[in-house]
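Just below is one structure, and these are the notes that go with it.
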Amino acid sequence: MPGKRQQYDAIVVGSGISGGWAAKELTERGLRTLVLEAGGPVDPARDYVEHVQPYEMPFRGYGDRQAMQREQPVQRECYACDEVGRKFFVNDRDNPYTNADDAPFKWFRGRQVGGRSITWGRQVYRWSDLDFEANLRDGHGIDWPIRYHDIAPWYAHVERFIGVTGAAEGLAQLPDGEFLPPMAMTVVEREARERILRAFGGARVMTIGRAAILTQNHNGRAACHYCGPCERGCITHSYFSSIGSTLPAAERTGRLTLRPHSVVAEVLLARDGSNRVRGVRVIDAQTRESIEFEARIVFLCASTIESVRLLLNSTSARFPDGLANGSGTVGQYVMDHHYGSGARGVMPGHLDTRTVGRRPNGIYVARFRNVTDASRDFVRGYGMQGGSGRGGVNRSGPGIGAAFKHALTHELGPWTINVGGWGEMLPNAANRITLDPVVRDAWGVPAARMEVRWGDNERAMQQDIMASGVELLEAAGATEVQPYGQIQPPGHCIHEMGGARMGRAARDSVLNGWNQAWDLPNLFITDGACMASSACQNPSITYMALTARAAARAVDLLDRREL
């Protein structure tokens, strides 16, 4: 039997990028808000480890490989899950998932206060109407119920708060935002940019990455000091995370209750049979106590797969196939970005220059395929990310003293440059999340089962990424240019989307244009599950903007007594 029952104005499931924004917006708009996080608390002063040096680590950064293979066999495949960063990734034994034998899937997860906002890549790019109109234009998926003008003010709202470094380029397919000063490109990146612009008549643009990292003090947070390993945390809160930004803002209102160690097992329907949810049932991760929390509205922000798993596990006589599943599409149309292909080369000259510090950013090549002219081989497009640097000379001999140290840091190899593609995945009903009929997690909740595969369109795009990468670097003046290609399995990009998509009609979507469930109007889903297509841009800023927009809508409906 459930334990004690507690009531709030709003419940937010998840404390990461989307959950933090829901908490901030709802509390600032007057709602007493409960944020439920499945993992434990994080104390930046104790838990952030970006300044820990390899010589301070027992395994010099590589980690205890036997322990990681035993406890985190999936998570260890993420670059950020190293000896000290592994604390921000789940134990795979406690948090299993399954996948079809012919459909490998990598699910990298962070269950702690702040979620994956502690370890994310921080790249932020607005969508344009090229993206919002794509489904309608080529017939893959359903039409988005919103357009760029609907979300543009919310992009700006988010950018002003989090702080985004970037350079305005005036590109229709990659709208400019409200930017802090851009980070500097290296001398070879500046040279490559100008040569590429000339070679392709301005149709291909290499710019500095747009990142949620501060280049000047902003909203009480300090500018980045280029220490480098951001994925291990940031004690100065120089990059955006919910721990450093949105959750403190919510806390300042006095209306936030944050409850860690709270595994949400199901969303509960109203007792009176109305088309409403009344709250959630939580399993306390430490005591295993079952507790019900009730609220006027519920926001699911647990991450794409977790939110869909929660819907599928919330069954009833009315929703035997999962909550809010009147359309039958819950769990379908799952997407990720495909990546792993590109090109690299050597940039001659400039041997009298070197980098200082570790710039937590790279370069970005805006989408140029299927923007004005259609490709014969595939629909949609890709952006390219990369960077440049100088590697050290291999010095295997002995040495000591200042001269030896100077040689290690100044006798460097030539400049190299790299570009790799991040491509759009088409929505496909066969790519889906279900519940495993046997496997359960440590708290008794059925595990997610993934069945997601790349299609012909994604594979054709990967081939074009390699070819265009070579073209770009040769135009940039690089030598020894070599393509590379090894498409990673779905999930590996950590941009999973879909499963509870937005749409224009209840018959073929889960959510309306305000991220509001068609079947249950006081239920909102604003993480990646809501996405009706994937575009090719890193998606997190779109989640943030959609969340802020949905929260404003929810409070407005409450004020008008329409919820």
message = Tell me every residue that passes side chain to side chain donor-acceptor pair (under 3.5 Å) with Asp321, counting only those two or more places apart in sequence or in another chain.
response = none
ask   = Who are the ring pair (Phe, Tyr, Trp, His ring centres under 6.0 Å) partners of Trp154, not counting sequence neighbours?
value = His157
request  = Using the test side chain to side chain donor-acceptor pair (under 3.5 Å), find all partners of Asn313 that sit at least two apart in sequence or belong to another chain.
outcome  = none
query = In terms of ring plane angle, is the pair Tyr8 and Phe293 parallel, tilted or perpendicular, where the classes change at 30° and 60°?
reply = tilted
Residue pairs, two or more places apart or on separate chains, that pass ring-ring contact (aromatic ring centres under 6.0 Å, His included) and touch residues 108-127 = Phe108-His492, Tyr125-Tyr364, Trp127-Phe132, Trp127-Trp144
request  = In sequence, state the C-alpha distance, the side-chain angles, and the governing distance for Leu214 and Cys224, and then conclude on side chain to side chain contact (heavy atoms under 4.5 Å, CB included).
outcome  = CA-CA 6 Å; Leu214 304 183; Cys224 176; 5.6 Å; no
ask   = Can you name the one residue among Val277, Val13, Leu323 that meets side chain to side chain contact (heavy atoms under 4.5 Å, CB included) with Leu300?
value = Val13
message = Restricting to side-chain contact (heavy atoms from CB on, under 4.5 Å), what partner residues turn up for Pro145, sequence neighbours left out?
response = Met502, Arg504
message = Donor-acceptor check, side chain of Glu50 to backbone of Ile235, threshold 3.5 angstrom: yes or no?
response = yes
inquiry  = Nearest 0.5 angstrom please: Ile118 CD1 to Cys234 SG, how far?
reply    = 11.5 Å
ask   = Can you tell me how far CG of Asp519 sits from CG of Asn325, rounded to the nearest 0.5 angstrom?
value = 8.0 Å
request  = Could you list the residues that satisfy side-chain contact (heavy atoms from CB on, under 4.5 Å) with Ala250, not counting sequence neighbours?
outcome  = Ala23, Thr27, Leu256
Non-neighbouring partners of Ser509 that pass side chain to side chain donor-acceptor pair (under 3.5 Å), sequence neighbours left out = Trp518
query = Of all residues at least two apart in sequence or in a different chain, which pass the ring pair (Phe, Tyr, Trp, His ring centres under 6.0 Å) check with Phe299?
reply = Phe524
note = Separation between CZ (Phe88) and CG (Asp82), nearest 0.5 Å, reads 10.5 Å
query = Would Arg278 and Glu266 pass as an ion pair if we require N to O under 4.0 Å?
reply = no
task = Nearest 0.5 Å please: distance from the CD atom of Glu562 over to the CG atom of Asn522.
result = 13.5 Å
note = For Ala249, the side-chain contact (heavy atoms from CB on, under 4.5 Å) test, sequence neighbours excluded, returns Lys24, Glu28, Phe161, Arg252
query = Would one find more than 12 heavy atoms of other residues, nucleotides or ligands at under 6.0 Å from atom CD of Gln66?
reply = no
query = Ignoring hydrogens and geometry, is there a side-chain-to-backbone donor-acceptor pair from Glu294 to Gly279 under 3.5 Å?
reply = no
key: Arg259 CZ to Ser15 OG distance, which is reported to the nearest 0.5 Å   = 13.5 Å
key: Side-chain donor-acceptor contact under 3.5 Å, Ser117 with Ser241   = no
By side-chain contact (heavy atoms from CB on, under 4.5 Å) - contacts of Arg449 (at least two apart) = Thr98, Ala100, Thr434, Asp436
task = Please name all residues satisfying side chain to side chain donor-acceptor pair (under 3.5 Å) with His237, sequence neighbours left out, ordered by chain then number.
result = none
ask   = According to the salt bridge (Lys or Arg N to Asp or Glu O under 4.0 Å) rule, which pairs have a member within residues 544-557, sequence neighbours left out?
value = Asp556-Arg560
inquiry  = Looking at Asn95 and Val90, would you say the former's side chain and the latter's main chain have a donor-acceptor pair under 3.5 Å?
reply    = no
Under 3.5 Å: donor-acceptor pair, side chain of Gln75, backbone of Arg109 = yes
